[in-house]
Amino acid sequence: MTASASRQGQLKQEPPIFERGGQGRVGYSLPLLDVPEVEAADAWGSDLVRDQVSGFPEVSEVDVVRHFTRISQHNYGIDLGLHPLGSCTMKYNPKLHERVARLRGFAEAHPYMPEAASQGVLELIWRLERILSQITGLPYLSMQPAAGAQGELTGIMMITAYHHKRGERRQEVLIPDSAHGTNPATASLCGLEPVEIPSNERGTVDLDALRAAAGDNTAALMLTNPNTLGLFEDRIDEIANIIHDAGGLIYCDGANLNAILGKTRPGDFGADVFHINMHKTFTTPHGGGGPGCGPVALSERLEPFRPRPVVVRNEDGSYRLDDDRPDSMGKIHGFYGNFSMMVRGYAYIRAHGAEGLRQIAEDAVLAANYLKERLKGEYELPHDRPCMHEVVFSDLHQKKHGVAAMDICKRLMDYGFHPPTVYFPLVVPGALMIEPTETVSLQELDGFVEAMLAIAREARDDPELVRGAPHTTYHRRLDETQAARRPVLRWKPQSEEPSENDTAGS
Amino acid sequence: MTASASRQGQLKQEPPIFERGGQGRVGYSLPLLDVPEVEAADAWGSDLVRDQVSGFPEVSEVDVVRHFTRISQHNYGIDLGLHPLGSCTMKYNPKLHERVARLRGFAEAHPYMPEAASQGVLELIWRLERILSQITGLPYLSMQPAAGAQGELTGIMMITAYHHKRGERRQEVLIPDSAHGTNPATASLCGLEPVEIPSNERGTVDLDALRAAAGDNTAALMLTNPNTLGLFEDRIDEIANIIHDAGGLIYCDGANLNAILGKTRPGDFGADVFHINMHKTFTTPHGGGGPGCGPVALSERLEPFRPRPVVVRNEDGSYRLDDDRPDSMGKIHGFYGNFSMMVRGYAYIRAHGAEGLRQIAEDAVLAANYLKERLKGEYELPHDRPCMHEVVFSDLHQKKHGVAAMDICKRLMDYGFHPPTVYFPLVVPGALMIEPTETVSLQELDGFVEAMLAIAREARDDPELVRGAPHTTYHRRLDETQAARRPVLRWKPQSEEPSENDTAGS
Amino acid sequence: MGDTSPNAVAAARNDAGGGGRYLSLGPADREAMLSAVGVADIDALFAAIPAASRFEGMLGLEPAMSEIELLDHLEELAAGNAPHRRVSSFLGAGCNPHFVPSHVDALIQRQEFLTAYTPYQPELGQGTLQAIFEFQSLVCMLTGMDVCNASVYDGASAVAEAVLMTRRLARRGGRVLVSEGLHPAYTVVARTYARYIEDIQFDVLPLDEHGRTVVDQVDDDVIALVVQQPNFFGIVEDLRVIGERVAATGAKFVVNTTEPVAFGLAIPPAQAGADLVVGELQSFGNGMNFGGPLVGFMACRDGDKRNLPGRLAGRTADEEGKEGYVLTLSTREQHIRRARATSNICTNEALCALASCIHMCSLGRNGIVELARANLAKATYARQALAARGVPAVYDGPYFNELAVRVGGDAAKVVDRCLAHDVIPGVALGRFDASRADQLLVCVTEVHSKQAIDRMVDVLAEAVA
Amino acid sequence: MGDTSPNAVAAARNDAGGGGRYLSLGPADREAMLSAVGVADIDALFAAIPAASRFEGMLGLEPAMSEIELLDHLEELAAGNAPHRRVSSFLGAGCNPHFVPSHVDALIQRQEFLTAYTPYQPELGQGTLQAIFEFQSLVCMLTGMDVCNASVYDGASAVAEAVLMTRRLARRGGRVLVSEGLHPAYTVVARTYARYIEDIQFDVLPLDEHGRTVVDQVDDDVIALVVQQPNFFGIVEDLRVIGERVAATGAKFVVNTTEPVAFGLAIPPAQAGADLVVGELQSFGNGMNFGGPLVGFMACRDGDKRNLPGRLAGRTADEEGKEGYVLTLSTREQHIRRARATSNICTNEALCALASCIHMCSLGRNGIVELARANLAKATYARQALAARGVPAVYDGPYFNELAVRVGGDAAKVVDRCLAHDVIPGVALGRFDASRADQLLVCVTEVHSKQAIDRMVDVLAEAVA
Ligand SMILES: Cc1ncc(COP(=O)(O)O)c(C=O)c1O
Ligand SMILES: Cc1ncc(COP(=O)(O)O)c(C=O)c1O
């Protein structure tokens, strides 16, 4: 054993937990059994009882805590700094939220409690729906979707149910080419046909193409507004008319709601359904990938099709769940959605009020425009006009020196920053999609700018340095190709590794 | 700006928070005032009102969270691994404790609540006292001391009060030379004279020297048992007799209680007072230096002198605080001591029961002896016989190559371990005092052994490498001499820095 | 720079909403930035919004709240419920009352895990990635399957996605046979997901008097058969028997679970021939949270992995050969494959999966068995005590930790009567099926002491009488 | 290796106490280690304990508890109290009811801060060290002093240590004049600490009818004069007047505070000539916890720093010139100077000081003022409302957020009557001084809404009538 030099700081390579244990160590406790023991073999028949759960580790609580603490150190979280992931709205997650979400009355509430025992949770959902209705300008909400993509599914299904109810079978969903992958995937999942609509040179929907595509078979347009280029669809009124005139509805992807809070409302610019990424705009923590919460706001005409049950306020001010919804599209969550994320989102909105929400939008947009101005000298800016909450550059200038967007991302790590979103939206080759959010300080913005400018210089003067990045992280660049070519997707004891193919049946 | 290479991982140099702010940023919230405003200048007279608190930063909550999260990453905590600090008993701090200490009934309990409203907290203290009495074999407890050293102060003061009550003025406190610095400092603080008692070649108290020192003027012996060499004072019976025969009392420093839980009890081996470091043996978190909790257990004859008030159980099973204690030595804490640490210590003991406590002692001792056996080939072991919970080596062999104990410590950091205690106890020159505790796994012990053996090799083969350590931490060795020579003990705006001497009046 | 006196700042703070604390730009910062951008005021940046669509004025929301007020308000709302442990609750039904050790919740609250994004940049996401890899491994060990994804929304959507996956694997439509013992809400969700996939039809497999799924003949047009273990009514199914029936056909055998603790004792479904094992892991490490977030998972055979929805972490190495992890096989996913992805899922339930992972590790090889045994013993005790008091189980098959009982009247009313005594004895099943209006589903786990069970039995027996 | 079946392990787990979860050695590990050590059994390692002193058998403790049971048990004990917010409490008196923002508690729970040891190895303790440095800086800014230590146990011991420090600085004994407005418990603690220092005598300076300390002549034998700001009865002292009296003498002017929030508005004591400013910072960032842990601090003039007890962090640089921090001037401390140290203190209140530091930063330059103003306004409102209902203030001097009122009867009984209405209006002062048995000390802060104050006034006025 020798101390591996440099780049480790206090980081250590931590083996899989399965290699940490020792026979007979325990990491749990249970009360002594106060009822008679029951042998499963007697109760079920021995054929139904397994021997053991082989492979599970034998570790103490201390082992567990140290293992997960150590691996956690290999992560980069929001509390460390700027996380300018475009489209992701990585803003500060208030600590208060973790506290209130864990209030026993919320955390230990069971979804099938009698209504009399659920008034607090139902009231919170009802209040949140009313607030989101204000914010979106759409009268109704469904809180059931567990994330944005499930909101899309819900929205497109409601739209389909609406058309079916009217006796129409419209099969096409129009989707701008700048859209997020979930949009076409959602259309397919609903058994509909996604039709791609090109963007124009201004980065917005090509109205002629849209007109050409819209028609009898148009179920919906899935529009992201502000779009994924960080631009507001300034001809939104015409877009809405084209679709509505064709008998289609407008699904609006609300991933970028942060930019327009209190500035414009989807209900006012023609959206029929609008999903909210609670985990973006209203800052429920991303948790390394989830959970999210993707409520959809919807117009009057879609109301009958909402997933069931819905929260209803009774005349006497009490609340109940109404499951008697004959036209409902059904259910998309086992219970009512990610309630605990609703608590956090609710807390966030109530902390701000109307002025605060508008200030969020203004600061988020200001921060993005600040980056745009300071970086556009060095980085290709496909659309040089005021952006909304995010700005999309490309690696065009750096490509000349053989430096790609991904290299720039990796090099940013050496400067202590999380990289932006890359290679999305697809309409900008080599895209660098930067969303600072309103929770970032001017010092941090300036630090990021300096790092980006330094990298631009390095790309000219020493491209190899950038291509070889990251140099200072614990892991150098990880090999994704090998991972996909020979997938190792679970741990196995070394003795089993060679015979993997036998046991895995691959 | 260039990315400083190597050794940084995701660590960043974080400027003092005073350099992070921006005018008008806010990191707090308060309800709108619902009562009339009052101008302090009107209420107090303007002469008593200051202009502003200049120097305080202007930061958002986000700035604050990022700042402290970033600097926290420069710390090494117990959840990362072995912390073999001798005499410190750095064991795992159960997460449950942080939860229960924050139960509102504890965390928001006020020390002057009417007794009827304080039954739960009083019961907990009472129960804990009974348990600690069992563990120490001494009938009474005072929970008031906030840490071990304050326990010492309390104990020595009670002893003094006892002698005074009997009309005796004994001025000397006998203290073995292996004792912790707090022991002599405590004696001085009480206005008594510390008298050093040498250790014999076996690392224990020299009985002849003790006999020679003990006499009419002996107020007490302050004995650490097991002592700071990790050895049990095996002639404790004689020691106790010598002191008691001279009319002195025995203060036992209980920093090393972990080794003897359920194995022997201070009350059984002659101690009259015994302090418990709750933050060591019963694992309340060290917090980067505190808070602690240093209850003292005491014998019948010292009972009248306990700090007031004391918790009393009434006939009817309710509890009260008794402040009517005419012989009490007084008070050493503004209220009743570090209650919230008592909650944690209580939880820890109740989680273990008698068997569990004994197992702690056995595992802690086993782990120390394991390290002793595995390292004694390479490191000088002054006392080669079974140790208790810790083992003390010296740098004698490495010194030949110009490598000192401190160098070994710094080099351990490169291997990802926290160093042991160094240069203490003073009786072993170049001491390396290693206490693994029972919460460390065999894998971690083996990793530590391998690192220590590797360093021993390096000390021979490449001493410069060890002397220059640490090499892989974010900071290289920090200059303590400069810090003491030109002390900079607070932040000042750069504009003020030159004129420091004027304003500081130094 | 304007007035920066404390009073002025307090006023500004209030104007900006109490939320000002979460904004990192102060008035001075904003001014400097506006001038760097070269616009006179912030409105210039919003000029792209057509006037007709612009929202003027203020949203109709209540005023911003300080943290003090907000905490009070939410504590009041939280107090409006009857959580487990304030009342004595025996509600389960797929949102199960298990104990979550404190260290699990402490670890997932580390900002490194809590606030991190999906680890698309693996060099900054190794913590999450290694945890997912371990999660996948644990679920494979528990179920006996080869591959498990990094989570989907919940057990219900896992079943729904499984049905769609069998459709893709079959490369044709057909019938999907769903056990009556599948959680009724899951059935609804699966039907909803497949609602506009016109070549999928659902049929229900009834239960026999033991409460076990009856599988007679599996016709050729069947593409999938979905069974739950233990089933919704608490019965441990004999998966081997069903597996044998399915094996002979082209249909895929899908096993769902809403109570994975049972697999501390029950044979892994792979051993019974399952092709897909899916379901809900909330029982491990996650609270109930009024039903969400949860932890759906999907595990399959190695040969089917390229059809699996959701993220997968895989092991790899960095340029210097250091072992590490990345998200892999992404060509299955929407961000690469778009319209032809295996699902539209993007955000999943990573943090909840992490909690499950930590809890499973802590239990370990021995704890998972001891936990399952405790559940079995407690529920058996409750079943016998209830039967003795005239509240019999609906089925005579073998139970794990949940059981449907007959209360001889409207179960919802019985629950209300019990609630008056601070006991919620179970879920009244009429909410799912009118023909079961006299049935109650009672869940008994390690959190229920004998004393609590006895009291529930007393209160319920009283309420029934 | 023995029986490793789940049942055997469960039995072993119980034998080892439920605490087994915190032990990282399993039976197999222990066996391997014993044989590496070369002993037959564990008893061999305890042979040094003389037989006569050995404890045979088992300690008389209740059985080990699982986490489930322990949590239940502690929740029950916690429920046996009446914390602030369950009842409406106006208790202060040096353990003050302020709001602790959630992020403060979240940050101090990061294991990096929570579990770290004293940063004697600075390369692994920069987080703690930088925080201490910032803490010291903030307290210096607040008090106007030059140097502040890293904390001592509490305000009471800070005053005690300050008295001993003035004795060292004077290099002789003498009289210590203590204001009647010093917290009575602090006075007791100071006297206790100095109990066996025979050349120190204490005398009390009375209060005048405004509630302010009367300082006439300061004789030559006086080594220190200790005044509290605001004083125990809530009065804002005129420190300048006292400072001027002291300045002419050789005595040291010691200012204590138990309510540092007041210094958001009050002039820094340094400006009034204080030589030492000490006290309690619990108001910033720390809960009440039945009175502990707290955050004592001691701040002095630069020239006196080598006599200061407690740890100090100082700025320095590493070998490469990178800025960093270390503990410094350690020759003052017991681990270096032993019997001649400035104090015996070792463990201090670092984590609580960190919480104070974080809270002070979050408040910042504006928040500290706004918070102080809110306290002043609320308390003024309460004072006027109480006076209007026949509950007058004891003194007519200027108040901050606390005030002594006269209830015209036994205040302890009045409190009991109020408690029946879930209100605790204040501390009955008879517990400290029988001559004040009819006085109540009422603390009103930002956590008290007007509504809560009105209710307290109603209930108290009723109880007094
Ligand atoms: C524009 C856009 N739409 C939809 C989604 C999908 O949302 P979710 O991840 O919550 O399912 C995303 C998420 O990244 C997005 O950026
Ligand atoms: C042997 C010994 N005695 C006394 C003490 C002082 O205890 P505390 O730091 O709790 O004041 C220590 C602390 O390190 C110690 O090791």
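What you see below is based on every heavy atom in this structure, not just the backbone, and it leaves out hydrogens, waters and symmetry mates. Order of the sequence lines fixes the chain letters, A, B, ..., with proteins taken first and strands second; residue numbering starts at 1 for each chain.
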**Asked** Could you state the interatomic distance from CZ (C/Arg365) to CE (C/Met141), rounded to the nearest 0.5 Å?
**Response**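 If we round to the nearest 0.5 Å, C/Arg365:CZ and C/Met141:CE are 12.0 Å apart.
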**Request:** Report the distance from atom CD of A/Gln73 to atom OH of A/Tyr474, rounding to the nearest 0.5 Å.
**Result:**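 A/Gln73 atom CD to A/Tyr474 atom OH measures 11.5 Å (nearest 0.5 Å).
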Below 4.5 Å from any heavy atom of chain A, which atoms of [X] appear? Answer side chain, backbone, both or neither.
| X | answer |
| --- | --- |
| C/Leu114 | both |
| C/Ile336 | neither |
| C/Arg191 | neither |
| C/Val37 | both |
| C/Thr128 | both |
| C/Glu280 | neither |
| C/Leu265 | both |

Among [options], single out the residue with the greatest number of heavy-atom pairs under 4.5 Å to chain C.
| options | result |
| --- | --- |
| A/Tyr370, A/Phe424, A/Tyr348, A/Tyr92 | A/Tyr370 |
| A/Asn93, A/Asp237, A/Asp268 | A/Asp237 |
| A/Pro419, A/Ala187, A/Pro194 | A/Pro419 |
| A/Met157, A/Arg358, A/Gln119, A/His279 | A/Met157 |
| A/Gln150, A/His83, A/Glu14, A/Met90 | A/Gln150 |
| A/Gly191, A/Pro16, A/Ala483, A/Ala146 | A/Ala483 |

Can the ring centroids of [X] and [Y] be said to lie less than 6.0 angstrom from one another?
| X | Y | result |
| --- | --- | --- |
| C/Phe46 | A/Phe232 | no |
| C/Tyr153 | A/His333 | no |
| C/Tyr22 | A/His352 | yes |

**Prompt:** Will you find, in the side chains of C/Ser157 and C/Asp154, an N or O donor that is under 3.5 Å from an N or O acceptor?
**Reply:** yes
**Asked** Between the side chains of A/Tyr76 and C/Gln121, is a donor N or O closer than 3.5 angstrom to an acceptor N or O?
**Response** no
**Message:** Under 4.5 Å from any heavy atom of chain C, what part of A/Ile135 do you find: side chain, backbone, both or neither?
**Reply:**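 Answer is both: backbone and side chain atoms of A/Ile135 are under 4.5 Å from chain C.
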